[in-house]
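Worksheet for the structure shown next.
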Amino acid sequence: MAGVGDTGDRLAWVDIAKGICILLVVMMHSVTGTGDAMGGEGFLHPVVAFAKPFRIPDFFLLSGLFMGRVIDRDWRLFSDRRVVHFAYFYLLWLVIQSAARYGKIAGDDGPTAFAAHLAHALIEPYSTLWFIYLLAVFSVVTKALRRVPDAVLLAGAAVLQIADIRSESTLIEEFCARYVFFVAGYLFAGRIFALADAARHRVRLALCGLAAWAFLEGWLALTPSGLPNHPTLASLPLVSLALGAAGALAIVVAASLLGRVGGPIAEAVRTCGQRSIVIYLAFSLPMAATREILVRTGAIADIGLASLIVMTVAVLLPLVLERLVRGTALDLLFVRPRWCRLVGSESRTRPVLQATGNGRLQPSKAMPIRRLRRHATAAVRGSAPTLTRSGKRSGTT
């Protein structure tokens, strides 16, 4: 996320892509939860089904884009940026979300059951917070394997995804299903930026590509497979990997085009992307509360409209909360305090969770923004220097 005035060093399409992803994630939780509570489906359910193959893969691909900036740093700095960073917000919001559901979690056993729940959440990610938990895990694993040849690393991650491993552990199942997309973002960052730049310069070709992808995506995502473990064609092994990658790249192209057009819609989506982790951390509580109110009062009979209202509240209230606590003692809800840092300190006026791939490309040894932009432009023209995983030149093509 970024402050409103802190956008000079950002690539807009990254924020817009993250904004699209977080809106799709909140939509999924809002729509399915409201539909279950009201006993039916609304007009947003097909949208949720359409986005299922690429919604989370794109988030992880974007998160891996900037891994090259820190992977070669010493473990202390790396841990501060990629482990302690996420651990702080995971633990803080684990307590907040669990406390809000204390009665359901503790039951008749009281504090003992609640403490056991918190302890279990240290080894098994809790509820919607699993994404942040896995970002730290992905980062550590990738750094530990950084000497492994790129092709071997990518192939191994792809095998885990294709194997369609099922487990009672969210950590194991989601790691196997999602790691390949994080690795792809890390390994192919330069080419992904080049793709976004090419889309801006070849609009008609980009639109034709998006139309073809949308048709194929819709057919595969909405067509039943007849198999119990794979309800749609899009969920079949290999197909899910291909659609996850294609959909993630389609969002990159769409975000680049939307950024080129600009306007209030693009700016609103970009704002959501800049504060995507704020929304991700805090959306579940207002979502559940709004859904409960609508269901109990029966104020809205249409499931689609009720889902849309729940989604809107779930997106807006976290943004309002972040703005209200900014600069106060409660900004620790979204800004990691100094005592929770292993190295250095950042200005408290700059919101955090930058390492999730939010597009902040500050000049660094790994990837100066001017060089990255030159590389993206040159790649479109076919004369780009190849980049190592740390973003350094390794020769010309």
Between [X] (side chain only) and [Y] (backbone N and O only), is there a donor and an acceptor less than 3.5 Å apart?
| X | Y | answer |
| --- | --- | --- |
| R260 | L257 | no |
| T34 | S307 | no |
| S256 | V252 | no |
| R341 | R336 | yes |

query = Would you say L324 and V278 are hydrophobically clustered, going by side-chain heavy atoms of ILVMFWY under 4.5 Å?
reply =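 No: no chain of side-chain contacts under 4.5 Å links L324 to V278.
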R73 bridged to D80 by N-O distance under 4.0 Å =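 The answer is no: the pair does not qualify as a salt bridge.
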query = Within a radius of less than 6.0 Å around CD1 of I265, do more than 12 heavy atoms belonging to other residues, nucleotides or ligands occur?
reply =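 12 or below, so no.
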inquiry  = For the CZ atom on R204, are there more than 12 heavy atoms of other groups (residues, nucleotides or ligands in this structure) within a distance under 6.0 Å?
reply    =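 No.
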ask   = Among side-chain atoms of Y126 and T170, is any donor-acceptor pair under 3.5 angstrom?
value =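 There is no such pair (donor and acceptor under 3.5 Å, judged by atom type) between the side chains of Y126 and T170.
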inquiry  = Ignoring hydrogens and geometry beyond distance, is a side-chain donor-acceptor pair present between H29 and T128 at under 3.5 Å?
reply    =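 No - no donor-acceptor pair under 3.5 Å links their side chains.
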query = Taking side chain as C-beta onward, heavy atoms only, is L236 less than 4.5 Å from L233?
reply =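 Contact flag for L236/L233 side chains = yes.
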task = Would you check if the distance from the ring center of Y179 to the ring center of F175 is below 6.0 Å?
result =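 Close enough - the centres of the two rings lie under 6.0 Å apart.
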query = Any chance the rings of F138 and W130 have centres within less than 6.0 Å?
reply =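 When the ring centroids of F138 and W130 are compared, they turn out to be at least 6.0 Å apart.
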